[in-house]
Structures are given as C-alpha cells and as structure tokens.
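Atom set for the values below is all heavy atoms of this structure, side chains included, hydrogens, waters and symmetry mates excluded. These numbers were taken from a predicted model, which means no experiment stands behind them.
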Amino acid sequence: MSFSQKTTIHAELGWLRESTAANMHQTQRGALRKTLEFISTTENTDSAANEMTVWSEKNLTIPAGGIHTLDLLALPCPVFDDYIPLRFTAIGALFLVNHSPSATLILGSGDQSAWAGFFGGATHSIHIPAEGFFCVSAPNALWAVTAESGLLKIHNPHPTQAVYDLALCGKKYAPAEDETEGSSSSGSGSA
C-alpha cells in the first residue's frame with residue numbers, strides 16, 4: 001500500500017503605501033506570494049524513508065550575547081507529555097522571524113561541524129535585523145544534514161535578550177527495521 005504526504009508552506013510579503021498631497025489621496029497595495037509543496041510518497045505505512053516533516057518553535061528566548069545551537073539530528077519534538085528526537089537528513093525550507101525590537105540575530109557562523117545548508121560554507125552566516133525575518137527554500141534540491149555537519153547556530157550579539165520563531169521543513173530520518181526492533185527510548189529536552 002502506498003500513501004502520500006504533502007507539506008505546504010505559504011509565504012507572503014505584502015505592503016500598503018499611502019500618499020497624500022494637496023486634497024488627493026492615493027493608496028497602493030501589493031503582495032508577493034509563493035506556495036511551496038513538498039510531496040513525499042512511501043510504499044507502505046511502516047516506512048517513512050522519504051517523509052517530509054515540519055519542526056517549529058515559537059517565542060524562543062536567547063539571552064544577551066547568547067548562542068542557541070540546534071542539533072538537526074536530534075531536535076526535540078513534543079509527543080504528549082514527553083519529547084522524542086526528530087532527526088533530519090535534509091532541509092528544504094527554513095523560516096526565522098526576529099521579534100526583537102533592537103537585536104540583530106546571526107544565523108549560522110559555526111565551526112566545521114556546523115550545517116552548511118544554503119550558506120555556502122560552515123563558517124558563513126546571515127544577519128537578520130531587529131524585527132526582520134529570513135526565509136529560504138529549495139523544494140527540488142534539499143540541503144543535506146550529516147553527522148559531521150548537523151549543527152545550526154543562532155547568535156544574539158546584542159546586550160539585551162531576543163525572541164524569535166523558527167520553522168524547518170525537511171526530510172526526516174527513517175530507521176531501518178532492525179534499528180527499531182526491541183528498542184524504545186524517551187527523553188526530554190528543549191530547543
């Protein structure tokens with residue numbers, strides 16, 4: 001039996017511009033929209049080898065001068081009253097919203113074990129300004145995550161704390177049947 005799973009990301013940037021001069025008022029509205037669909041198919045319900053999934057966290061607080069290091073091979077995924085690790089093998093989209101009114105967040109800029117993804121290299125970075133956001137996707141050619149390069153770093157160099165939201169869409173690891181037989185584990189963690 002086969003089944004398909006579809007993960008859809010909707011991204012929109014809209015604007016409103018109003019102009020007033022001498023008794024005339026003009027309003028202009030516009031928007032850029034993009035919908036991305038990640039469709040994965042598996043041959044039976046026991047296999048999730050190509051399954052796409054989304055991991056997201058809202059209102060993550062990073063202290064002044066702090067660094068959050070996210071292990072893309074062990075992201076905490078809440079299940080009922082516990083957490084299980086979500087292990088990505090590839091990332092197809094990343095969306096980060098910086099809610100801080102004054103802090104610029106630095107995405108990336110890790111060491112050699114950092115995830116290179118779309119950055120072009122493990123030590124490269126993207127600066128997300130205060131109250132800004134960053135979105136990137138590669139629906140046809142996902143960025144690989146490996147044991148050697150699975151860390152995503154978010155740095156707050158500002159002297160005050162910052163709050164951000166993060167969403168990742170990617171292909172999750174599916175253990176081979178012999179890896180899952182007779183084993184179960186649970187743990188807790190936080191992002």
Inter-residue atom distance [X].[atom1] - [Y].[atom2], 0.5 Å rounding:
X	Y	atom1	atom2	result
Phe118	Leu94	CZ	CG	5.0 Å
Leu105	Ser100	CG	OG	7.0 Å
Ile128	Ile154	CD1	CD1	7.5 Å

Is a donor on one side and an acceptor on the other found under 3.5 Å between the side chain of [X] and the backbone of [Y]?
X	Y	value
Trp55	Pro76	yes
Asp71	Leu75	no
Asn156	Gly66	no
Thr89	Lys171	yes
His158	Thr104	no
Trp115	Gly108	no

What is the minimum heavy-atom distance between [X] and [Y], and which atoms define it?
X	Y	result
Leu168	Phe88	O-CZ, 4.0 Å
Ala162	Ala103	CB-CB, 4.0 Å
His99	Asp165	NE2-OD2, 2.7 Å
Ser102	Thr160	OG-OG1, 3.7 Å
Gly120	His124	C-ND1, 3.7 Å
His155	Ile67	CD2-CG1, 3.3 Å

Stepwise side-chain contact (heavy atoms from CB on, under 4.5 Å) check, Gln161 with Ile62 | CA-CA 6 Å; Gln161 75 176 18; Ile62 185 167; over 6 Å; no

Between Phe133 and Phe95, is a ring pair (Phe, Tyr, Trp, His ring centres under 6.0 Å) present by the stated rule, with each step listed?
-> CA-CA 7 Å; Phe133 68 92; Phe95 187 64; 5.8 Å; yes

Option from Lys58, Glu57, His68 for which side-chain hydrogen bond (donor to acceptor under 3.5 Å, both in side chains) with Tyr164 holds | His68

Determine whether Leu151 and Leu142 fall in the same hydrophobic cluster, where Ile, Leu, Val, Met, Phe, Trp and Tyr are linked whenever their side-chain heavy atoms lie under 4.5 Å apart.
-> no

Transitively linked via ILVMFWY side-chain contacts under 4.5 Å: Leu70 with Ile126?
-> yes

Take Phe119 and Val136 through the side-chain contact (heavy atoms from CB on, under 4.5 Å) test and state the conclusion after the steps.
-> CA-CA 10 Å; Phe119 295 103; Val136 63; over 6 Å; no

Side-chain heavy atoms of Phe134 within contact of Asn98, under 4.5 Å = no

Answer whether the closest heavy-atom distance between the side chains of Val145 and Ile91 falls below 4.5 Å.
-> yes

